[in-house]
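Take a look at the structure below.
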2 protein chains.
Amino acid sequence: MTVDVVQRLREKGLRVTRQRKVIYSLLREIGGHHSVDEILGLLVERREDIHRQSVYNVVGDLQQVGLVMCADAGPGRALYEASDHWHHHFVCRVCQIVLDVPCIEGRKPCLEPPENVASVIDEAQVIFRGVCHGCAGAKVTDTPAASISTADC
Amino acid sequence: MTVDVVQRLREKGLRVTRQRKVIYSLLREIGGHHSVDEILGLLVERREDIHRQSVYNVVGDLQQVGLVMCADAGPGRALYEASDHWHHHFVCRVCQIVLDVPCIEGRKPCLEPPENVASVIDEAQVIFRGVCHGCAGAKVTDTPAASISTADC
DNA sequence: CGAGTATTTCGATACTGTCCAAACCCCTTC
DNA sequence: GAAGGGGTTTGGACAGTATCGAAATACTCG
């Protein structure tokens with residue numbers, strides 16, 4: 001918990017500040033994927049006076065330390081989450097919700113880790129896209145969602 | 001080529017406008033991944049007078065039609081490219097360059113979709129991260145890139 | 001060719017992320 | 001426990017990205 005973040009920061013030579021502890025425990029508590037401004041809003045609700053820039057700094061630092069990961073969910077604002085284990089993400093084309101997809105250990109992606117492309121490849125994150133259960137159920141009429149089909153981003 | 005875009009737009013009930021033809025053939029010609037503002041810059045160079053908002057509109061439309069795809073390369077601005085075949089991307093942690101990674105399957109759901117997560121999953125795009133050849137050669141000192149490690153799938 | 005409407009244009013605006021200097025406070029040392 | 005040093009936070013300003021609404025334009029069909 002809090003012991004974890006303190007220890008981890010010390011290990012990496014980063015100082016243990018109120019802001020870092022608060023933001024990490026917040027992300028841990030609420031779970032899910034959140035943008036910097038969402039985090040800022042939640043902090044304001046809880047009477048935590050933390051500057052915008054600090055949120056950017058802190059999530060960046062926590063990411064370096066390995067306590068937070070940035071969810072790949074397509075272009076746009078960055079989404080952060082407290083990272084327990086490596087996993088992938090599903091993004092609904094209709095409501096944009098982001099869901100975790102467990103990473104099946106040992107099962108490599110459909111393509112062999114590409115040769116020649118780069119010197120070091122240490123991460124492979126998958127983005128699945130489609131329509132979530134909620135939107136699939138709700139959609140009865142011919143919403144634009146029906147015509148999205150293939151070839152969308 | 002141009003016949004293609006005209007036909008494709010008509011099929012989907014979209015009008016064939018100068019802007020749509022110009023932007024598509026531009027993307028087709030130059031290849032690679034480009035942001036809206038990069039596209040806009042290239043259009044200006046070529047004396048093509050097209051409004052910013054129109055570029056947003058057009059790439060969105062072409063994407064719906066399947067002539068353009070949005071490259072998943074992490075958060076930030078969206079990168080568009082003329083879509084020939086389905087593929088994935090490698091992003092360099094140092095210089096942020098985006099490189100294509102061929103997909104062996106070549107078609108959309110190239111990874112077996114996870115169960116229970118959603119109703120429809122029609123796309124799985126992979127983002128590989130690491131250090132490209134250029135940056136790996138240039139880097140002699142202990143850059144932060146060296147401490148990234150773990151978190152592989 | 002003319003009417004109707006999709007599309008483009010224009011200006012304004014919200015959002016996201018970054019930069020810099022000054023104030024602050026965490027950690028180490030004594 | 002006090003003091004110093006330097007990593008962090010803060011505050012304000014700023015560039016870049018993307019969206020909105022209304023008016024003008026131009027593509028398509030009859």
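None of these values were measured; they are calculated from a predicted model. What you see below is based on every heavy atom in this structure, not just the backbone, and it leaves out hydrogens, waters and symmetry mates.
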Value in whole Å for how far the P atom of D:dA18 lies from CD of B:Q63: 12 Å
Just N and O in the side chain of A:R77: are any of them under 4.0 Å from OP1 or OP2 of C:dT16? yes
Look at the rings of B:H89 and B:H87 and say which category their plane angle falls in: under 30° parallel, 30 to 60° tilted, over 60° perpendicular. perpendicular
Among the nucleotides C:dT18, C:dT8, D:dT17, whichever has the atom closest to the side chain of A:Y56 is C:dT18
When you measure from the side chain of B:H88 to the backbone of A:V126, do you find a donor-acceptor pair of N or O atoms at a distance under 3.5 Å? no
Which is true for A:S54 with a 4.0 Å heavy-atom rule: it touches a base, it touches only sugar-phosphate, or it touches nothing? base
Output, in order, the C-alpha distance, side-chain angles, deciding distance and verdict of salt bridge (charged side-chain N to carboxylate O under 4.0 Å, His left out) for B:D122 and A:R93. CA-CA 10 Å; B:D122 51 52; A:R93 285 206 161 86; 2.5 Å; yes
Detail all sub-3.5 Å separations between protein N/O atoms and N/O atoms belonging to nucleotides 1-4 of chain D.
none

If you find the nucleotide of DNA chain D closest to A:D49 and the one closest to B:V36, which residue's nucleotide is nearer the 5' end? A:D49
Starting from C1' on C:dA14, measure out to CD on B:Q53 and report it in whole angstrom. 14 Å
Closest nucleotide among C:dT16, D:dG11, D:dT8 to the A:R15 side chain: D:dT8
Please tell me which of B:L14 and A:R18 maps to the more 5' nucleotide of DNA chain D, matching each residue to the nucleotide holding its nearest heavy atom. A:R18
Here the distance between atom P of D:dG11 and atom CD1 of A:I50, to the nearest Å, is 12 Å
CG of B:L43 versus P of C:dT8: gap in Å, rounded? 13 Å
Need the bend value for the helix from C:dC1-D:dG30 to C:dC30-D:dG1: angle between end axes, 5 pairs each end, nearest 10°. 40°
Atom pair distance, as rounded to whole Å: CD in B:E38 and P in D:dA18: 11 Å
Whole-Å gap separating P (D:dT9) and NZ (A:K21): 12 Å
Mapping A:S35 and A:H51 to their closest nucleotides on DNA chain C, which lands nearer the 5' end? A:S35
Do B:R20 and B:R15 make a side-chain contact, defined as non-hydrogen atoms from C-beta onward lying under 4.5 Å apart? yes
Using a 4.0 Å heavy-atom cut-off across all strands, classify B:R52 as base, sugar-phosphate, or nothing. base
Integer-rounded Å distance: C:dC15 P and A:L79 CG: 16 Å
Is there a donor-acceptor contact under 3.5 Å from the side chain of B:H133 to the main chain of A:N116? yes
Could you state the interatomic distance from CD1 (A:I23) to CG (A:L67), rounded to the nearest 0.5 Å? 12.5 Å
Base, sugar-phosphate or nothing for B:D37? Non-hydrogen atoms, less than 4.0 Å. sugar-phosphate
Shortest non-hydrogen contact from A:Q63 toward A:C70: NE2-CB, 3.5 Å
Side chains of B:V68 and B:V58: does their closest heavy-atom pair fall under 4.5 Å? no
Name the nucleic acid region contacted by B:Q19, choosing base, sugar-phosphate or nothing; use a 4.0 angstrom heavy-atom cut-off, strictly under. sugar-phosphate
In whole angstrom, what separates B:I23's CD1 from C:dT8's C1'? 11 Å
Do you know the tightest heavy-atom contact between B:P75 and A:D72? CD-OD1, 3.9 Å
Kindly give the heavy-atom pair with the smallest separation between B:S35 and B:L79, and that separation in Å. N-CD2, 3.7 Å
Would one find a side-chain N or O of A:T17 under 4.0 angstrom from OP1 or OP2 of D:dG7? no
Between B:G76 and B:G13, just flag the one whose closest nucleotide in DNA chain C comes earlier from the 5' side. B:G13
